Amino acid sequence: MSNDTHYLDELNPVQRQASITTDGPVMIIAGAGSGKTRVLTYRIAHIIDKGNDPFNILALTFTNKAAREMKSRIGKLIGESKAKALWMGTFHSVFSKILRFEAEKLGYPKNFTIYDTDDSKSVIKEVLKNMNLDDKVYKPSLVLNRISSAKNNLISAKQYLNNSTVMTEDRNSQKPMMGLVYEAYAKRCFKAGAMDFDDLLFNTNILMRDFPDVLVKYQDKFRYILVDEYQDTNFSQYVIVKQLAARFENICVVGDDAQSIYAFRGANIQNILNFRKDYPDLKTFKLEENYRSTQTIVKVASAVISKNKDQFEKNIFTNNDIGEKIKVVRANTDNEEGMKVANSIVETKMREQAFNKQFAILYRTNAQSRALEEALRKQNLPYRIYGGISFYQRKEVKDLLSYYRLSINHNDDESLKRIINYPVRGIGGTTMDKLSIAAAEHGISIFTVCENLREFNLGINAGTSNKINDFIVMVKNFGLQVPLIDAFELGNNIAVNTGILKDLYSDKTPEGLSRYENIQELLNGLKDFVEQKRSPQEEELKASMLDGLDIEPTDLFAPEEVSPTLRTLDEFMQEITLMTDVDKEEEKENEKDFDKISLMTIHAAKGLEFPYVYIVGLEENLFPSQMSVNSRADLEEERRLFYVAITRAEKRATLTYATTRYRFGNLLFCEPSRFLEELDADYVEYPEIPGSNTSFTDSMFGRMNNEYKDAHPKEIEFKSKFSPKPVAGKKPLVKINLSKPTGPSFVADSDMLKNIKEGSVVEHEKFGRGQVEIIEGEYPNLKATVAFGVGGKKQLLLKFAKLKIVG
DNA sequence: AGCCCCGGTGAAGTC
DNA sequence: CACCGGGGCT
């Protein structure tokens with residue numbers, strides 16, 4: 001049924017070639033607004049039309065939203081059921097699914113938790129406390145960045161400690177213990193049965209490295225691989241793609257080097273620039289016709305990006321009208337900037353009969369939104385902010401989600417800490433400290449400590465012990481229900497039975513009301529979720545999760561009653577954990593009042609387009625950001641960001657700057673951005689400076705060029721910051737050398753346990769060597785008093801403490 | 001155990 | 001200016 005001529009006719013010649021060259025390595029360089037999504041869509045449709053099973057196609061996108069949109073467009077071309085069978089999603093979501101199938105091979109439970117950034121930071125804080133390190137020096141966010149960077153470059157904790165380059169860097173930055181923090185962090189996550197975002201990719205690599213049969217399975221499965229936004233992939237993602245494509249080499253990457261704006265998070269622009277080296281018989285297609293913007297916008301944007309050194313040669317053009325000049329607007333303060341933008345929008349709406357939703361205001365940092373919001377409110381202009389604090393980050397939502405997480409994975413310490421005393425049940429800080437310490441000493445989760453409380457002798461009184469026990473029983477009970485009842489029913493039960501709903505309901509303040517509404521919204525989300533059907537992938541995953549699951553018959557359920565069509569809470573959690581704000585926002589777009597002005601960061605605007613775009617805060621040290629002005633690479637990224645911003649505009653782009661701005665509560669004088677200077681003056685309309693005949697350009701750039709040249713040394717090459725770069729080998733299958741993950745090697749051995757006697761010399765993971773002084777109790781609940789060289793005497797339960805006999 | 005107030009410190013972007 | 005953490009008070 002290859003009636004494909006129909007849709008292929010809608011493509012221009014290059015787009016068409018890029019769509020039908022389905023076999024072998026292909027790179028598509030897609031300029032802004034050049035119909036990239038259309039090509040990807042038609043290409044996938046075409047592959048399927050040629051008789052390939054959608055199940056054998058892997059398409060990796062940058063956001064889940066992009067995946068959903070593409071799926072629905074493909075569905076319209078070739079039928080929804082086929083489109084649904086595609087493996088399509090972000091790297092994180094696709095590989096977290098695959099990891100659930102295979103997790104046990106790596107020593108993780110199938111229902112592993114995914115730690116978000118807050119969880120990670122909290123783990124780091126705890127590690128620092130344990131190691132007696134100052135969190136002013138080892139700032140958790142910095143530490144996390146460093147660990148993330150290492151993981152994205154496939155450097156395990158062990159390799160990190162053996163890597164003289166990174167260790168020297170750490171010593172030089174007065175953080176010599178960084179590697180050990182990484183190690184302890186990794187160990188804790190592992191014990192909690194948790195992976196952070198970077199682990200999802202890192203562990204996928206480990207899986208493919210250590211289990212060749214698994215690699216072959218997926219190589220076989222994914223006969224066609226497509227990667228969108230390839231310029232924003234990092235090394236870890238690069239290796240995954242390279243490995244998976246090694247068998248068929250039907251690999252198509254799509255991207256635009258000019259729009260690479262995620263280097264800060266490990267994206268490596270070299271992945272796209274060097275793609276040709278990996279695949280010598282690569283076919284390259286350049287989509288150079290812009291269908292989105294006016295000639296003016298296209299020309300100005302091209303001139304901007306031409307200032308960058310590293311890029312593919314391309315000639316972006318458009319057959320659209322010349323359009324209006326780019327407007328530059330000057331304001332005296334950030335508030336005035338907001339007012340001018342708001343006034344301009346009002347005026348444009350009247351003059352051109354425009355709708356709110358045709359306008360976007362883009363800024364470099366979220367903090368800039370406030371002045372703009374105020375101005376819009378004054379003009380009664382409805383707006384919507386994208387990004388900012390996400391729904392799932394809200395305290396009350398996180399609290400309830402923590403119950404869900406802990407019910408699914410009892411070892412999830414971060415969730416446990418969050419909710420063990422919420423709503424208040426009399427388990428306070430002192431008790432928690434005792435539990436945490438015991439857990440850390442024995443290398444087990446806090447939940448496990450609580451389950452075996454009597455055996456630890458922590459000096460917790462009977463009353464508190466009972467409260468802990470009640471909590472444990474409750475969570476276990478929730479856990480048992482996870483596979484048995486649907487996500488909404490269980491989610492709702494948890495909200496009710498824990499008292500959260502009541503607690504929030506009783507708070508009648510406006511904030512309290514809003515919190516209550518948020519919980520209701522979460523529950524509505526659950527309701528929607530249970531009514532949706534699974535995709536074929538999810539179906540397969542569900543079967544795998546049920547397989548081997550031991551369901552105890554209860555008064556209420558017999559195992560055979562477990563309905564495989566039931567959509568359960570663990571599935572819901574998997575779906576939402578990797579959802580981004582952008583994904584969540586989408587749902588609301590169907591609501592009645594969606595005619596709103598969009599406010600967002602430029603990063604968030606990637607992939608979007610609007611007739612009228614305002615880019616605000618074009619000032620030195622803001623855009624380009626202060627952090628970037630010292631290195632050429634960073635500055636080039638800022639310039640690409642500026643390029644992305646301009647190319648969002650279809651009809652008109654307006655650039656604004658303020659000469660003063662509040663920052664940290666005090667007034668700051670600002671210089672106009674160097675990016676304004678780089679604009680091609682023929683296409684730009686500058687403001688007149690009132691009360692003088694001097695044009696904007698003369699006054700401003702005259703000053704800049706003379707007085708400020710030395711004060712703002714531009715584009716000086718500095719030594720790049722941290723970036724351990726493992727060289728991409730020609731044969732990554734053998735060349736990539738990762739150390740083994742911390743595997744299940746800590747599991748206590750029962751024979752070993754019995755052999756420990758009074759007088760034995762033993763080794764503890766944390767305390768090192770020590771001698772056993774006393775053994776008490778009955779197997780398997782033996783308790784030993786051990787005198788360690790470091791840390792003195794400790795009482796340890798042999799069943800938990802992993803002691804190695806050394807003499 | 002919880003609440004409140006104070007002071008110090010800090011904003012780039014995100015899966 | 002806004003947030004967070006610590007300390008002190010109830």
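Sequence lines set the chain letters: A, B, ... in the order given, protein chains first and strands last, and positions in each chain run from 1. All figures in this text were calculated on a predicted structure; none of them were measured in a lab.
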Legend entry - Min side-chain heavy-atom separation A:I615-A:I646 under 4.5 Å: yes
Inset, instruction - Give the nucleotide from the list B:dC15, B:dG2, B:dG13 with an atom nearest to the side chain of A:F264. - result: B:dG13
Legend entry - For atom CD of A:Q368 and atom P of B:dA11, their distance in whole Å: 16 Å
Inset, instruction - Using a heavy-atom cut-off of under 4.0 Å over every strand shown, decide if A:I427 touches base, sugar-phosphate, or nothing. - result: sugar-phosphate
Inset, instruction - Could you check whether A:F664 and the base of B:dG10 form a stacked pair, meaning centres closer than 5.5 Å and planes differing by less than 30°? - result: no
Legend entry - Under 3.5 Å donor-acceptor, A:R394 side chain and A:R515 backbone: no
Legend entry - Non-hydrogen atoms of A:T61 and A:A66 that approach each other most closely: CB-CB, 4.2 Å
Inset, instruction - Using whole Å, report how far CD of A:Q259 lies from P of B:dT14. - result: 16 Å
Legend entry - A:T660 side, atom OG1; A:Y662 side, atom OH - distance, nearest 0.5 Å: 8.0 Å
Inset, instruction - Return the orientation label for the A:F112 and A:Y108 ring planes: parallel under 30°, perpendicular over 60°, tilted otherwise. - result: perpendicular
Inset, instruction - Measure from the side-chain heavy atoms of A:E637 and tell me the nearest of B:dC15, B:dG13, B:dA12. - result: B:dG13
Inset, instruction - Give the minimum heavy-atom separation between A:E637 and A:A263, together with the two atoms involved. - result: OE1-CB, 2.7 Å
Identify each atom pair where a protein N or O and an N or O of nucleotides 3-10 of chain C are less than 3.5 Å apart, giving names and distance.
from	atom 1	to	atom 2	distance (Å)
C:dG5	OP1	A:K125	NZ	3.4

Inset, instruction - Return the value, rounded to whole Å, for the distance between atom CD1 of A:I261 and atom P of B:dA12. - result: 16 Å
Legend entry - d(CZ, A:R640; P, B:dG13) in whole Å: 18 Å
Legend entry - Nearest listed nucleotide, side chain of A:R265, among B:dA12, B:dG13, B:dT14: B:dT14
Inset, instruction - Rounded to whole angstrom, note down the P distance from C:dC4 over to B:dG13. - result: 15 Å
Inset, instruction - Considering just the side-chain nitrogens and oxygens of A:T577, establish if one lies under 4.0 Å of OP1 or OP2 belonging to B:dC15. - result: no
Inset, instruction - Consider the side chain of A:R370, meaning its heavy atoms from C-beta on, and name the nucleotide among C:dC1, B:dG13, B:dA12 that approaches it most closely. - result: C:dC1
Legend entry - Any A:N366 side-chain N or O less than 4.0 Å from OP1/OP2 of B:dA12: no
Legend entry - Heavy-atom donor-acceptor pair, A:N421 side chain to A:G426 backbone, under 3.5 Å: yes
Inset, instruction - Could you check how far CG of A:N666 sits from P of B:dA11, rounded to whole Å? - result: 15 Å
Do any N or O atoms of the protein come closer than 3.5 Å to N or O atoms of nucleotides 5-9 of chain B, and which pairs are they?
none

Legend entry - Residue mapping more 5' on DNA chain B - nearest nucleotide basis, A:T431 or A:A263: A:T431
Inset, instruction - Tell me what A:N421 touches on the nucleic acid: a base, only sugar-phosphate, or nothing, going by heavy atoms under 4.0 Å. - result: sugar-phosphate
Inset, instruction - Working to the nearest 0.5 Å, report the span between CZ of A:F623 and OH of A:Y363. - result: 13.5 Å
Legend entry - Position toward the 5' end of DNA chain B (nearest nucleotide), A:F197 or A:S628: A:S628
Inset, instruction - Using a heavy-atom cut-off of under 4.0 Å over every strand shown, decide if A:E638 touches base, sugar-phosphate, or nothing. - result: base
Legend entry - Output field: ring centroids A:H603/A:Y386 closer than 6.0 Å: no
Inset, instruction - May I ask you to establish whether A:K307 and A:Y643 are in a cation-pi arrangement, using a distance under 6.0 Å from NZ or CZ to the six-membered ring centre and at most 45° from the ring axis? - result: no
Legend entry - Proximity to the side chain of A:V424 - top-ranked nucleotide from B:dT14, B:dG2, B:dC15: B:dG2
Inset, instruction - May I ask you to check if A:K110 and A:F101 form a cation-pi contact, with NZ or CZ under 6.0 angstrom from the six-membered ring centre and within 45° of the axis? - result: no
Legend entry - Nucleotide nearest A:A367 (side chain, heavy atoms from C-beta), chosen from B:dG13, B:dA11, B:dA1: B:dA11
Inset, instruction - Quickly work out the A:L144 CG to B:dC15 P distance and round it to whole Å. - result: 15 Å
Inset, instruction - Say whether, by atom type as modelled, one donor and one acceptor occur between the side chain of A:R639 and the main chain of A:L635 under 3.5 angstrom. - result: no
Legend entry - Atom-to-atom span, CD of A:E229 to C1' of B:dT14 - whole angstrom: 14 Å
Inset, instruction - Classify the ring geometry between A:F62 and A:Y262 as parallel (under 30°), tilted (30 to 60°) or perpendicular (over 60°). - result: tilted
Inset, instruction - Figure out the OH/C1' separation between A:Y422 and B:dA1, and round it to whole Å. - result: 16 Å
Legend entry - Stretch residues 91-103 of chain A: residues that reach within less than 4.0 Å of DNA chain B through a heavy atom: A:H92
